[in-house]
2 protein chains.
Amino acid sequence: MDPQERRRQILDRSAEIFAEKSIAATTIRQIADAVGVYSGALYHYFPSKDAIVTELIREYIEDLTARCRDLVARSLPPIERMEALATIALETSAEYHGATAIWRREHHYMRKLLIAADMADTADEMEEAWRVAIAEGVADGSLRDDVDPHTLQEMLYDVLWHASRWYTAGPEHTHADLAATIVTVFVDGMRNRAR
Amino acid sequence: MDPQERRRQILDRSAEIFAEKSIAATTIRQIADAVGVYSGALYHYFPSKDAIVTELIREYIEDLTARCRDLVARSLPPIERMEALATIALETSAEYHGATAIWRREHHYMRKLLIAADMADTADEMEEAWRVAIAEGVADGSLRDDVDPHTLQEMLYDVLWHASRWYTAGPEHTHADLAATIVTVFVDGMRNRAR
DNA sequence: GTCTATACCCAGATAGAC
DNA sequence: GTCTATCTGGGTATAGAC
């Protein structure tokens with residue numbers, strides 16, 4: 001089999017299994033079985049189990065950060081920018097389902113691996129994009145100033161990064177739809193003003 | 001040492017370590033070290049590692065469910081009831097920090113243990129209390145009916161059950177304060193209506 | 001009730017034949 | 001590049017002395 005293809009296979013199967021169990025509970029042999037080779041063969045592609053994990057998160061973080069950079073460059077008004085950031089979060093969560101799961105669930109462990117791989121700064125860029133968007137929203141008066149911006153940011157994070165647990169996008173429910181719903185709940189609120 | 005006290009110690013230290021790493025990544029020997037005994041001694045109190053985990057979650061779920069039952073019995077109006085449910089969630093998250101962490105982070109694994117311990121029904125009661133509160137809010141017109149109630153519920157869950165990651169209560173920031181903030185964001189929204 | 005010692009297993013990783 | 005076989009360490013759990 002083509003080396004690049006096999007490497008891809010190893011990463012994809014690993015991501016699926018890591019997402020189900022924890023990293024520690026997943027064995028090299030289980031990954032090898034899922035790929036259809038013997039465990040020793042994996043070591044021709046990656047030097048260790050951690051290296052597989054690091055590579056998975058590297059791909060994910062780099063793509064996510066790149067999309068956020070492109071968006072920030074468009075300089076949308078704060079609330080529109082927040083909705084676009086939310087869409088990016090949901091889309092990458094779906095595309096990198098396994099990586100997202102381990103990145104959020106085993107954050108401490110992953111952070112260590114990312115620091116070792118010199119990627120901590122890249123990983124923090126998206127956080128900064130959110131912080132700035134919210135701060136600008138408060139500054140220009142479109143957002144209330146009586147709720148701590150950091151609290152709002154953390155609330156949005158928790159909703160966005162765990163949405164894949166209960167939401168599956170389809171033809172009539174896109175990630176952009178859910179992003180719009182989330183932002184309307186956070187911005188407009190659930191109170192019924194119609195009556 | 002008093003047996004009950006030692007048992008308590010084992011549970012408390014286990015919860016702390018499980019919260020840091022995953023359950024699979026925590027060893028019996030690490031728990032024994034933290035307690036200050038040899039690993040063999042733990043087996044005088046619990047038959048297995050899983051038994052420790054199950055007991056931790058049992059205490060947590062039973063207390064949480066009891067509090068929700070008491071609240072539901074008070075029959076508050078929907079939005080007030082949601083705020084009270086939020087306070088309960090935040091308070092128990094803080095009091096059972098380790099149990100909350102593993103319950104949310106290793107939900108699949110925990111669910112298996114709870115089914116084996118015949119506690120799955122108890123674990124689902126709080127979910128039902130939330131569902132009913134939201135449904136009544138929509139029915140009596142206090143909440144918008146153009147956002148899927150289930151989506152709202154999942155969003156609230158993600159915020160509430162992960163709040164302990166970034167929030168620490170103190171004299172001037174209580175859990176009731178954060179519950180009020182979370183509910184006002186979800187109900188009133190972040191849009192600035194003052195200007 | 002706790003310690004010492006250890007059985008037993010399975011993990012990650014390696015070496016060499018093919 | 002993959003398989004077979006295996007090393008080595010560390011995991012859960014147990015047994016018996018104290």
Side-chain angles (χ1 to χ4, degrees), chain A residues 1-58 98 102 105-106 108-110 112-114 116-117, chain B residues 1-58 98 102 105-106 108-110 112-114 116-117:
Chain A
M1 173 170 289
D2 176 58
Q4 282 310 309
E5 204 176 322
R6 175 110 304 168
R7 191 185 146 86
R8 193 62 269 147
Q9 236 187 347
I10 294 168
L11 288 169
D12 291 344
R13 293 293 90 75
S14 302
E16 286 171 21
I17 306 174
F18 288 147
E20 271 176 49
K21 328 177 170 211
S22 66
I23 296 170
T26 303
T27 72
I28 286 284
R29 286 173 172 87
Q30 286 169 339
I31 297 171
D33 285 353
V35 172
V37 295
Y38 284 75
S39 64
L42 297 190
Y43 289 88
H44 282 273
Y45 298 89
F46 297 95
S48 69
K49 184 175 158 183
D50 274 355
I52 299 178
V53 179
T54 303
E55 177 61 12
L56 275 173
I57 300 295
R58 198 192 55 71
I102 61 182
R105 202 175 48 200
E106 309 194 48
H108 279 344
Y109 183 65
M110 289 317 311
K112 275 184 222 158
L113 292 186
L114 281 189
Chain B
M1 174 170 288
D2 176 58
Q4 281 311 309
E5 203 176 323
R6 174 113 303 168
R7 191 185 145 86
R8 193 64 268 151
Q9 235 186 348
I10 294 168
L11 287 169
D12 290 345
R13 293 293 89 77
S14 301
E16 287 171 20
I17 305 174
F18 288 148
E20 272 175 50
K21 328 176 169 211
S22 66
I23 296 170
T26 303
T27 72
I28 287 283
R29 289 193 244 266
Q30 287 168 336
I31 297 171
D33 285 353
V35 172
V37 294
Y38 283 75
S39 63
L42 295 191
Y43 289 88
H44 281 273
Y45 298 89
F46 297 95
S48 69
K49 184 174 155 183
D50 274 355
I52 298 178
V53 179
T54 304
E55 177 60 12
L56 275 173
I57 301 294
R58 198 193 55 73
I102 61 182
R105 201 175 48 201
E106 309 192 49
H108 279 343
Y109 183 66
M110 290 316 312
K112 274 184 223 158
L113 292 185
L114 280 190

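A note on names: the letters A, B, ... follow the listed sequences, proteins ahead of strands, and every chain is numbered from 1.
- Sequence order on DNA chain C of the closest nucleotides to G40(B) and P3(B) puts P3(B) first from the 5' end.
- Closest to the side chain of V37(B), out of dC3(C), dG12(C), dG11(D), is dC3(C).
- Atom CD1 of I23(B) is separated from atom NZ of K21(A) by 13.5 Å, given to the nearest 0.5 angstrom.
- One atom, CD of Q30(B), and another, P of dG10(D), lie 12 Å apart when rounded to the nearest Å.
- Distances were taken from every side-chain heavy atom of I28(A) (C-beta onward) to each of dT12(D), dG12(C), dA13(D); the shortest belongs to dG12(C).
- Contact between the side-chain N/O atoms of R29(A) and the OP1/OP2 oxygens of dC10(C) is not found at any separation under 4.0 Å.
- Look at CD on E5(B): it is 11 Å from P on dT2(C), rounded to the nearest Å.
- Side-chain contact check for Q9(B) versus D12(B): every heavy-atom pair is 4.5 Å or farther apart.
- Put simply, CG on L42(B) is 10 Å from P on dC3(C), counting in whole angstrom units.
- Using a distance-only test at 3.5 Å, with no hydrogens or angles considered, a donor-acceptor pair links the side chain of R105(A) to the main chain of A19(A).
- Distance check, rounded to the nearest 0.5 Å: CD1 of I52(B) to CD1 of I31(B) gives 4.5 Å.
- If you measure from atom CD1 of I17(A) to atom P of dA11(C), you get 13 Å, rounded to the nearest angstrom.
- Between dT2(D), dT2(C), dA13(C), one nucleotide has an atom nearer to the side chain of H44(B) than all others, and that is dT2(C).
- D33(A) places its CG atom 14 Å from the P atom of dC10(C), with the value rounded to the nearest Å.
- Between the OH atom of Y43(B) and the P atom of dC3(C) there is a distance of 15 Å, given to the nearest Å.
- Of the candidates dA13(C), dG1(D), dT12(D), dA13(C) carries the atom nearest the S39(A) side chain, counting heavy atoms from C-beta on.
- Rounded to an integer number of Å, the gap from I10(A) CD1 to dA13(C) P is 14 Å.
- Residue K49(B) contributes atom NZ, which lies 19 Å from atom P of dC9(C) at whole-angstrom precision.
- Side-chain N or O atoms of S22(B) include none that pairs as donor or acceptor with a backbone N or O of F18(B) at under 3.5 Å.
- Ranking dT2(D), dG12(C), dT2(C) by closeness to the A41(B) side chain, first place goes to dT2(C).
- For dT4(D), one of the phosphate oxygens OP1 or OP2 lies less than 4.0 angstrom from a side-chain nitrogen or oxygen of Y38(A).
- Note on Y45(B): only backbone sugar-phosphate atoms sit closer than 4.0 angstrom, heavy atoms only; bases stay farther off.
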